[in-house]
Amino acid sequence: MSACLDTIAAYGLRSIGIGERLLPKRDFTLCEHFTLIGSGLLWNLYFGILAILFGFFLANAIAMAKANRRWWLRKPAEWFIFVFRGSPLFIQFFLFYEAFVLLPKMGWDIDLGFAEITVETRWLTRAWLGALIVLILNTSAYSAEIFYGALKSIPRGDIEAADAYGLTGWKRYKRIIWPTMLRLAWPAYTNEAIFMFHATTLVFFSGFPAWRQKGDALYYASYFADKTFNPFVAYPILAGYFILLTLSVITVYGAINRRLNRHLPQEARRKLRIRPNVIR
Amino acid sequence: MFSWCTDPDTLEGLAWLSCYLTTGKHMAFYRSFGTVMVLLLVTAPVALAFGFAGAMAARAHFAPLRWLGKGYTAVVRGVPDIAFFLFFVIALDQGIEYLRHKIKCPDWSEPIRQGNDFVVCPAAKMPLSSAPQWVHETYGFALAVVTFAIVFGAFAANVLYGGMRAVPRAQMETAEAYGMSRRQAFWRIMVPQMWVYALPGLGNLWMILIKATPLLFLLGIEDIVYWARELGGSKTSAFAYPHPDWRLYYFLALLVFYLLLTRVSEIVLDRLMARLAHGQATSGAKSGGRAADKGLAI
């Protein structure tokens with residue numbers, strides 16, 4: 001037991017570079033499996049949470065642009081969604097990584113008039129920034145399509161009622177359209193969030209190098225499986241972690257779903273039907 | 001390939017490019033697009049069969065079978081698919097070798113797992129180490145197909161299960177009233193009708209399957225991602241066609257390939273849905289995919 005505590009102290013934060021530098025080489029214990037894979041899960045959480053957070057705002061903007069009558073707003077949004085939803089995330093990772101590598105290593109000086117900032121481009125080739133950007137763009141495209149679909153299925157009566165009350169423009173959007181859209185989109189958006197967490201496992205298998213062996217949960221699981229040539233320990237542990245992660249996402253999103261639907265009569269509330277991965 | 005390609009050093013411009021794009025390695029690159037299409041065409045029906053079996057198991061009256069069916073779909077959906085790909089390729093390989101080992105070398109005394117090694121007798125190796133290269137490649141590809149089928153079978157099971165439940169209850173009751181047994185009602189009434197309910201989900205699944213094909217690269221198949229990295233990497237003057245790092249352009253080509261593939265699939269699936277839903281009492285027939293046009297303009 002105390003040996004396991006030592007292992008946790010040494011490897012619990014290994015994935016972010018705190019603790020023992022060298023990974024265990026042989027005679028892996030079950031404790032080491034759990035600790036290192038769990039430590040890698042920190043990266044999955046980092047990528048997933050930030051991508052969903054930033055992607056949410058971007059997706060709202062893109063969905064609004066796609067629903068706009070003006071073609072110069074609509075067309076770019078449609079193309080953005082088409083490109084990111086129509087191609088594999090795996091290819092997007094490779095493509096962006098190669099593009100980031102080709103950017104000048106030094107960075108540019110941008111003169112803003114009042115201040116001069118230096119844009120460092122070398123961080124873009126690191127997973128923590130480069131892969132995060134790809135994930136944000138990807139989830140924005142999928143979420144925007146979900147939000148757009150919800151926007152189009154807002155009951156006409158709701159909008160007419162808003163008009164009758166004299167709500168226009170921003171106020172109508174903020175009070176009526178946006179909350180209704182979010183409520184209608186939420187079950188599908190929950191699936192997208194679950195899928196996003198799953199997609200974070202691709203990062204270190206797609207060009208972005210795991211710098212100093214700081215990788216995500218799947219990176220360490222495959223490290224163990226390669227070293228022991230035994231997939232029956234590391235991958236089930238990883239699966240257990242991810243099922244827990246999926247359940248927590250469902251809990252959080254379910255709570256938000258209940259809040260979004262709290263004004264509706266009991267029988268009209270839409271139950272959150274979880275169909276991960278299937279509806280994208 | 002062309003007559004003017006004998007001495008690449010003297011070529012320039014389009015002539016250089018035409019020779020460059022028709023080298024033997026590029027031909028292998030183009031063939032790997034075929035590999036992807038073959039994988040798609042082989043996996044889709046196999047996964048559908050897995051899914052059908054899974055959906056039937058999930059509906060079974062015999063409880064353990066039902067748990068198996070539901071557990072299969074629940075676990076595969078809760079875990080990232082890439083983890084399954086990495087797991088099944090080794091697990092299937094070791095499982096097959098283990099079974100062959102038990103059959104072919106019954107009097108082998110040493111343990112199979114020796115520390116960090118997995119050791120079976122030489123006769124149980126799969127494929128045999130003496131087998132030609134194409135056997136190794138085909139075996140690897142077959143493992144990939146089975147892995148894809150297991151993972152996508154679980155998704156398909158979920159969609160088909162939903163499709164079966166969506167068939168109106170009255171249809172089944174009518175079948176019973178006509179004296180059909182459970183089995184007859186299932187095959188004659190439910191199965192023919194469930195497809196139209198399952199098709200949107202299956203279409204979606206086909207799109208996800210297309211977008212999962214680059215993961216072949218992780219299974220050790222020489223697929224399009226492999227060749228794009230191989231050919232695109234910068235080539236020094238030691239090579240016949242030296243060039244700087246062109247991987248970006250190769251991946252752009254792959255991106256365009258996938259965009260075309262998904263776009264064409266989308267159009268075909270929309271047409272299919274419109275045809276199948278014709279005259280059916282489903283929401284697909286009522287709106288015919290034009291639901292979006294009826295919404296409000298904001």
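The chains referred to below are lettered A, B, ... by the order of the sequence lines, with proteins before strands, and numbering in each begins at 1.
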**Message:** Just so I understand: if I count every heavy-atom pair under 4.5 Å between each of B:R229, B:M207, B:E266 and chain A, which residue has the most?
**Reply:** B:R229

**Fill in**
If one checks every heavy atom of A:L218 against chain B at 4.5 Å, the contacting part turns out to be side chain

**Message:** Please verify the inter-ring angle class for A:F94 with B:F217; under 30° counts as parallel, over 60° as perpendicular, anything in between as tilted.
**Reply:** perpendicular

**Item:** Least distance between heavy atoms, B:K211 atom then A:G86 atom
**Value:** CD-C, 4.4 Å

**Message:** Using modelled atom types and a 3.5 Å cut-off, is there a donor and acceptor pairing between side-chain atoms of A:T246 and backbone atoms of B:G78?
**Reply:** yes

**4.5 Å side-chain heavy-atom contact, A:F232 and B:F87** = yes

**Complete:** Between A:E98 and B:D245, the two heavy atoms sitting closest are OE1-OD2, 4.2 Å

**For the student: nearest non-hydrogen atoms of B:L252 and A:L95, plus distance** = N-CD1, 3.4 Å

**Request:** Please flag which part of A:F96 lies under 4.5 Å from any non-hydrogen atom of chain B: side chain, backbone, both or neither.
**Result:** neither

**Item:** A:R85 side chain reached by B:T262 side chain, heavy atoms, under 4.5 Å
**Value:** no

**Prompt:** Is it the side chain or the backbone of B:L218 that comes within 4.5 Å of chain A heavy atoms, both, or neither?
**Reply:** side chain

**Message:** With a 3.5 Å distance limit and no angle check, can you tell me whether B:Q94 reaches the backbone of A:F229 through a side-chain donor-acceptor pair?
**Reply:** yes

**Asked** Do B:L86 and A:F205 touch side chain to side chain, with heavy atoms closer than 4.5 Å?
**Response** yes

**Request:** Walk me through it: do B:L215 and A:L202 pass the test side chain to side chain contact (heavy atoms under 4.5 Å, CB included)?
**Result:** CA-CA 9 Å; B:L215 298 180; A:L202 277 174; 3.5 Å; yes

**Prompt:** So do A:V101 and B:L248 actually touch side chain to side chain, heavy atoms under 4.5 Å?
**Reply:** no

**Message:** Can you give me the closest heavy-atom contact between A:S87 and B:L259, atom names plus distance?
**Reply:** N-CD2, 3.9 Å

**Request:** Just give me the residue among A:F242, A:F197, A:Y241 that pairs up with chain B most often, heavy atom to heavy atom, under 4.5 Å.
**Result:** A:F242

**Fill in**
Note: vs chain A, highest number of non-hydrogen pairs under 4.5 angstrom among B:L255, B:L254, B:V89 is B:L255

